[in-house]
Number of protein chains: 2
Amino acid sequence: MSKSCILKHFGSYAELEPCHEDLLCSLEKSPRKINAETVLCHEGDIAEAFYTVLSGWLFSYRNMEDGTRQVLDIFVPGDVIGLREFAFTHRLTSVAALTEAEVCEFPKSRMAEIFSNSVLLSSLFFAIGAREQAVLLERLVNLGRRSATQKLAHLTLELLSRLERTNTFSQNEFRMPLPQHVLADALGLSTVHVSRTFTELKEEGLMFRDNNHIQIPNIKRLKDFAGFSPYYLNESVPLDSRN
Amino acid sequence: MSKSCILKHFGSYAELEPCHEDLLCSLEKSPRKINAETVLCHEGDIAEAFYTVLSGWLFSYRNMEDGTRQVLDIFVPGDVIGLREFAFTHRLTSVAALTEAEVCEFPKSRMAEIFSNSVLLSSLFFAIGAREQAVLLERLVNLGRRSATQKLAHLTLELLSRLERTNTFSQNEFRMPLPQHVLADALGLSTVHVSRTFTELKEEGLMFRDNNHIQIPNIKRLKDFAGFSPYYLNESVPLDSRN
DNA sequence: AACATTCAATAACATAGGTTTTTGCAATAA
DNA sequence: TTATTGCAAAAACCTATGTTATTGAATGTT
C-alpha cells in the first residue's frame, strides 16, 4: 500500500507537476477500510461521490430480475470507481469488495474544480474515461464473439496487463482474487462451465489456477490463443503538461 | 436534416448560451457526405479527429481473426464518433455507414480548446463520454445475461429511446436501417438465429419488422419482456451553465 | 427478358454451454 | 475429533444457439 496509488496511476499517463499532484492527492483524503464481501454502494442509490481505490480489489455488478447477475467492472488499486455516474443522479450498478480494501471518497462537485483549474487534469480525467470505454469495448468483443476458453483467458490477461501498469512482478504469475462465480458472472457463463474451462486451459498447458493464484507458462501463446492485444490498455496519447 | 443536429443533441443535456453554441457549431463545419456501405475509417488508422453525425446512421465494428465480426456502436444523428480515441493514437475500431450519411470532422486538438475555454462544455463532453459508457454497460448486460429474444428486443428499444431524445414520432414504429447480419454481429448471434428470433417476437406479438420498419404494438410489454429501463439513457444530471 | 445478387425465412442437424447433482477438499467452528 | 460451510471438479443430461443448405422475394444489371 504505497502512499498515493492514484498518483502512480495517473502519473503513468502524463508528466505531473506539483500543482497537479497536490490536487490529485487531495482526492485521497481520509481512506476508508472495507472488508471483503462488503457492499460499497447499491444500484439506484443517489450517486454523489466517486471513489479512488487505494488498495484491494472491488467489482461492480447488476442484479437481474431473473436472479442472475452480470459483473461489469473489476477495480484494482489506482482505479477510480463511478466516473461514469458523473452524468447520472443514481448509481447504475452496485459495487462490492472482493478483498479487504481501502477507498477514498471524493464528491462529484470536485470535478468542476478540476475542469476550471487545470486543462491537463481535465484532459487526464477525460482520457481515463476514454480508457474505461476501451476496456468495456474489449469486453463486449469478448462476450460477443469469443469461446468460453478465450473469454476466460482474455479477462485474465486484461487484469494482468492492468496490474503491470503500476506494478512489476514475475510476469507469468499473479494473484487474481476472483472466485469462479464472479468470473462466471463477468463472462456470462455458468460457474460449472468456468470450472470446466479452467481444467481445459490446464490440460492445454495454457494457464494454471490454484486458489486464486494464476500461472501462465507462455504468455505469448496464451495471448495468441485469446486474441489479446494489449494496445487498448497500454498505448496512450501523451498529454501536454502545461497548466 | 436540421441545421445543427449536434446543438439539438447537446442542448438536451444542458442549457446552452450563445458562446457555447458558437463553439459547438464550429464543430460542424464542412459536412462531408458518405454513401451507404462506405467505410469511414479503419481499425489501426492514426486517430486524429472525431466526427459528429449530421444525418444518417453509422456503426463501428471490429473484424476478428477467425473471420467473425463484432459490432460495437451504432451512431445516429447528433452522436459523436470516436470520443474514446481521445486517449489513443490509433483507432480502436473501424466505422462504416449504414445509410447515406453526413459527418463533420473536427480535430482532437479542439478538445484542448474546449477544456481551456468552458467549464460547461468540458462537463458536457465528459458527461457525453459517461453516457456512452452507460450504453456500453447496458450492452454488456445484454450480451452476458439475456436470451436472444431479449437481446434483440433490448437493442431495438435502446435505439428507439435514443432517437426519441431529439425526435418525436408515432412512438410505436420507426425505421431501423440495420440488416440482420449487422444485428447478429451486434448481439453476438448468427444471422440465422436473428431471423428465427424475429419470427419468434412476431409470433408473440411483441414486435414486427418489415424491411427495416419496426412496429411495437405495446411498448410497455416489450420493455418488461426485455428488462429494459430507460433511465440509463434519459436520466441525467443537470449541468450548470455558468461559463 | 434473362441473369445475378442480396436479404430473409425455413429446415435438419451439430455443438457449446447450461442445469442438476454428487463428490472431494479445505478451512473454520464446536 | 467431528460437524459445518464454501469452493471447486466431475458426470449425465438438456437446450439454446450455431452451421449448412435450400428456397423465395426483391432489386439491380445486361
Side-chain angles (χ1 to χ4, degrees), chain A residues 35-37 64 66-70 96 98-100 142-156 175-204 207-215 225-226, chain B residues 35-38 64 66-71 96 98-100 142-156 175-204 207-215 225-226:
Chain A
N35 293 323
E37 323 259 309
M64 313 285 291
D66 61 356
T68 232
R69 184 175 74 160
Q70 177 66 40
L98 284 162
T99 66
E100 187 174 86
N142 214 22
L143 291 200
R145 289 296 186 209
R146 282 198 259 255
S147 69
T149 33
Q150 290 178 309
K151 286 182 192 183
L152 186 50
H154 196 281
L155 179 59
T156 307
R175 203 176 101 81
M176 185 171 75
L178 308 183
Q180 294 192 357
H181 68 269
V182 172
L183 287 168
D185 288 339
L187 299 173
L189 299 171
S190 67
T191 55
V192 175
H193 201 61
V194 168
S195 173
R196 277 197 283 243
T197 302
F198 268 121
T199 75
E200 198 184 325
L201 285 168
K202 180 172 67 188
E203 281 165 2
E204 301 287 338
M207 189 169 119
F208 300 84
R209 182 188 118 121
D210 179 44
N211 202 15
N212 293 340
H213 182 90
I214 300 286
Q215 276 201 46
F225 170 79
Chain B
N35 294 322
E37 324 261 307
T38 307
M64 314 283 293
D66 61 356
T68 232
R69 185 176 72 160
Q70 177 66 40
V71 167
L98 284 162
T99 66
E100 188 173 85
N142 214 22
L143 291 201
R145 288 297 186 210
R146 283 198 257 255
S147 70
T149 33
Q150 290 178 308
K151 286 181 193 182
L152 186 50
H154 197 282
L155 179 60
T156 307
R175 202 176 102 81
M176 184 170 77
L178 307 184
Q180 293 192 355
H181 67 269
V182 172
L183 288 168
D185 288 339
L187 299 173
L189 299 171
S190 66
T191 55
V192 176
H193 201 60
V194 168
S195 174
R196 277 197 281 245
T197 302
F198 269 121
T199 76
E200 199 184 325
L201 286 168
K202 181 171 66 188
E203 282 165 2
E204 301 286 337
M207 189 169 118
F208 300 85
R209 182 188 119 122
D210 181 43
N211 202 14
N212 293 341
H213 182 90
I214 300 285
Q215 275 201 46
F225 170 79

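Protein chains get the first letters and strands the later ones, always in sequence-line order, with residue 1 at the start of each. Atoms considered below: every heavy atom in the structure, side chains included; atoms not considered: hydrogens, waters and symmetry mates.
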What pairs of donor and acceptor atoms, side-chain ones from residues 181-193 of chain A against any protein atom, are under 3.5 angstrom apart with sequence neighbours left out?
unit_1: A:D185; atom_1: OD1; unit_2: B:R145; atom_2: NH2; d: 2.7
unit_1: A:D185; atom_1: OD2; unit_2: A:R69; atom_2: NE; d: 2.8
unit_1: A:D185; atom_1: OD2; unit_2: A:R69; atom_2: NH2; d: 3.1
unit_1: A:S190; atom_1: OG; unit_2: A:H193; atom_2: N; d: 3.1
unit_1: A:H193; atom_1: ND1; unit_2: A:R196; atom_2: NE; d: 2.9
unit_1: A:H193; atom_1: ND1; unit_2: A:R196; atom_2: NH2; d: 3.2

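- Distance CG (B:L178) to P (C:dA8): 10 Å, rounded to an integer number of Å.
- Contact annotation for A:T197: no contact, since no heavy-atom pair falls under 4.0 Å across all strands.
- Proximity of B:Q180 to the phosphate of C:dT6: no side-chain N or O atom is located under 4.0 Å from OP1 or OP2.
- Distance from the side chain of A:R196 is smallest for C:dT19 among the nucleotides D:dT17, C:dT19, C:dA8.
- Separation of atoms CE (B:M64) and CZ (A:R146) is listed at 4.5 Å; rounding is to 0.5 Å.
- Atom-to-atom, CG of A:D66 to P of C:dG18 comes out at 13 Å; the value is rounded to the nearest Å.
- The interatomic distance linking A:F198 (CZ) with C:dG17 (C1') rounds to 16 Å, in whole Å.
- Counting to the nearest Å, the P atom of D:dA9 and the CD atom of A:E200 are 13 Å from each other.
- Summarising the geometry, the separation between CG on B:N211 and P on C:dA8 is reported as 8 Å, rounded to the nearest angstrom.
- Here the NE2-CZ distance, from A:H213 to A:F208, works out to 11.5 Å after rounding to the nearest 0.5 Å.
- Note that CZ of B:R209 and CG of B:L152 are 9.0 Å apart. Values are rounded to the nearest 0.5 Å.
- Minimum interatomic distance between B:Q150 and B:F225 (heavy atoms only, all atoms of both residues): NE2-O, 3.1 Å.
- A straight line from CG of B:L98 to P of C:dC7 spans 12 Å, rounded to a whole angstrom.
- Between the P atom of C:dC7 and the CE atom of B:M176 lies a distance of 15 Å, rounded to the nearest Å.
- Residues from residues 183-195 of chain A placing a heavy atom under 4.0 Å of any atom in DNA chain C, listed by number, are A:G188, A:L189, A:S190, A:V192, A:H193.
- Going from atom NE2 of B:H181 over to atom P of C:dA9 covers 14 Å, rounded to whole Å.
- In terms of heavy atoms, B:L143 sits closest to B:K151 at O-NZ, 3.6 Å.
- Counting heavy atoms from C-beta on, the side chains of B:S147 and B:T197 never come closer than 4.5 Å.
- Positionally, the nearest nucleotide of DNA chain C for B:T199 lies more toward the 5' end than for the other of B:T199 and A:K151.
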